[in-house]
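Reading through the structure tokens given below for one structure.
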Amino acid sequence: MARWLIGLTVGGLMGLTLLALAQNAPEPKSGVYVCSAVQSPTLLQVEGVGTVRLIGVQVAENTPQFAKAMERVKAWAEGKLVRLEVCPKTPKDEAGNVRAEVFYAEGGQWRSVNRQLLAEGLAQLAPEANCHIDFVAWQKALPAPKPPLKKVAPAQRERRGGPLSLRA
């Protein structure tokens, strides 16, 4: 029984110590860091920060866009310097991930990973409550959706420029 009590006491003290450390952990700060790994198109491992989740974007899993987005984010960020703009209103999500807009360097300029994924159609805009980002401005900056292609009947094609056999 004494061993059980000692184990309980030691375990309890360790739990309290970890809780105290978590409460005293410094808030994540905006700045330039190294991205050590890309876990998914929206989750990055950043040295000195931990797991960073891209604010305002969502990429559907098991889709061609997911694979392409993963490829692009790795090319932009993995093993490279990234600039984080951590949300000052809600720096961490419920899972403890740092919430940030992440920038990669290209041609001497910082470019937003979040907005680039949206612009390339690889992610969906996912506005978040209690955030510093102007998601309305992000929405306005997105390219307009392309109208669906209309099917043209063979008779209409022939009227446009002569018989199909003569156009080749």
Side-chain angles (χ1 to χ4, degrees), residues 8-147:
L8 181 62
T9 304
V10 170
L13 289 174
M14 285 178 56
L16 287 173
T17 302
L18 290 174
L19 180 62
L21 287 173
Q23 289 176 345
N24 294 330
E27 286 294 319
K29 295 193 183 324
S30 297
V32 177
Y33 302 91
V34 174
C35 173
S36 56
V38 175
Q39 292 178 307
S40 78
T42 59
L43 285 175
L44 311 177
Q45 282 299 316
V46 177
E47 292 179 13
V49 177
T51 305
V52 174
R53 183 175 60 80
L54 301 182
I55 296 174
V57 295
Q58 200 170 29
V59 181
E61 291 186 34
N62 302 320
T63 64
Q65 288 86 0
F66 185 89
K68 181 69 174 172
M70 186 72 168
E71 176 186 309
R72 299 291 282 154
V73 174
K74 281 186 173 196
W76 293 329
E78 195 167 62
K80 299 177 184 172
L81 290 176
V82 293
R83 191 180 96 218
L84 304 182
E85 283 190 12
V86 177
C87 180
K89 291 184 177 182
T90 311
K92 291 190 175 184
D93 65 14
E94 60 281 346
N97 302 315
V98 175
R99 298 173 63 247
E101 183 173 5
V102 178
F103 295 83
Y104 64 99
E106 182 178 87
Q109 294 184 353
W110 290 108
R111 300 191 185 279
S112 170
V113 173
N114 310 47
R115 289 185 257 179
Q116 193 62 37
L117 286 172
L118 292 168
E120 292 186 17
L122 299 173
Q124 303 297 315
L125 182 63
E128 300 180 30
N130 199 25
C131 188
H132 72 294
I133 292 177
D134 181 356
F135 293 111
V136 173
W138 280 23
Q139 178 70 44
K140 289 179 183 175
L142 291 177
K146 296 176 184 172

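Model, not experiment: these values are computed from the prediction.
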Next item on the list: Can you measure from CD (Glu27) to NZ (Lys29) and round to the nearest 0.5 angstrom?
Entry: 8.0 Å

Next item on the list: Any chance you could measure Gln39, atom CD, to Thr51, atom OG1, to the nearest 0.5 Å?
Entry: 5.0 Å

Compile the donor-acceptor pairs under 3.5 Å between side chains in residues 126-135 and protein atoms, sequence neighbours left out, one pair per line.
from	atom 1	to	atom 2	distance (Å)
Glu128	OE1	Arg53	NH2	3.3
Glu128	OE1	Arg99	NE	3.1
Glu128	OE1	Arg99	NH2	2.6
Glu128	OE2	Arg53	NH1	3.1
Glu128	OE2	Gly56	N	2.8
Asn130	ND2	Thr90	OG1	2.9
Asp134	OD1	Val136	N	3.2
Asp134	OD1	Ala137	N	3.2

Notebook entry, point to check: Looking only at heavy atoms, what is the nearest atom pair of Leu118 and Ala123, with distance?
Noted result: CD2-O, 3.6 Å

Check: Can a donor-acceptor pair be found between the side chains of Thr42 and Gln58 at a distance below 3.5 Å?
Finding: no

Under 3.5 Å, which donor-acceptor pairs link side chains of residues 64-76 to any protein atom two or more places apart or in another chain?
from	atom 1	to	atom 2	distance (Å)
Arg72	NE	Glu120	OE1	3.1
Arg72	NH2	Glu120	OE2	2.7

Check: Between atom CH2 of Trp110 and atom CD of Glu85, what is the distance when rounded to the nearest 0.5 Å?
Finding: 11.0 Å

Item checked: Residue pair Trp138 / Arg115, side-chain heavy-atom distance below 4.5 Å -> yes

Notebook entry, point to check: Rounded to the nearest 0.5 Å, what separation is found between the CG atom of Leu81 and the OH atom of Tyr33?
Noted result: 12.0 Å

Next item on the list: Indicate whether any N or O donor in one side chain lies under 3.5 Å from an N or O acceptor in the other, for Ser112 and Glu101.
Entry: yes

Next item on the list: Determine the minimum heavy-atom distance between Asn114 and Val102, stating which atoms define it.
Entry: OD1-N, 3.0 Å

Item checked: Side-chain donor or acceptor of Ser36 paired with backbone N/O of Gln45 under 3.5 Å -> yes

Check: Looking at side-chain heavy atoms only, is the closest gap between Leu117 and Leu54 below 4.5 Å?
Finding: yes

Next item on the list: Grab the two heavy atoms, one from Ala100 and one from Leu84, that are nearest each other, plus how far apart they are.
Entry: CB-CB, 4.4 Å

Note to self: Can you give me the closest heavy-atom contact between Val82 and Cys35, atom names plus distance?
What the structure shows: CG1-CB, 4.0 Å

Next item on the list: Specify the closest pair of heavy atoms between Leu43 and Asn97, including all atoms of both residues, with the distance to one decimal.
Entry: CD2-ND2, 4.0 Å

Margin query: To the nearest 0.5 Å, what is the distance between SG on Cys87 and CG on Asp93?
Written below: 11.0 Å

Next item on the list: May I ask you to check if Arg83 and Phe103 form a cation-pi contact, with NZ or CZ under 6.0 angstrom from the six-membered ring centre and within 45° of the axis?
Entry: yes

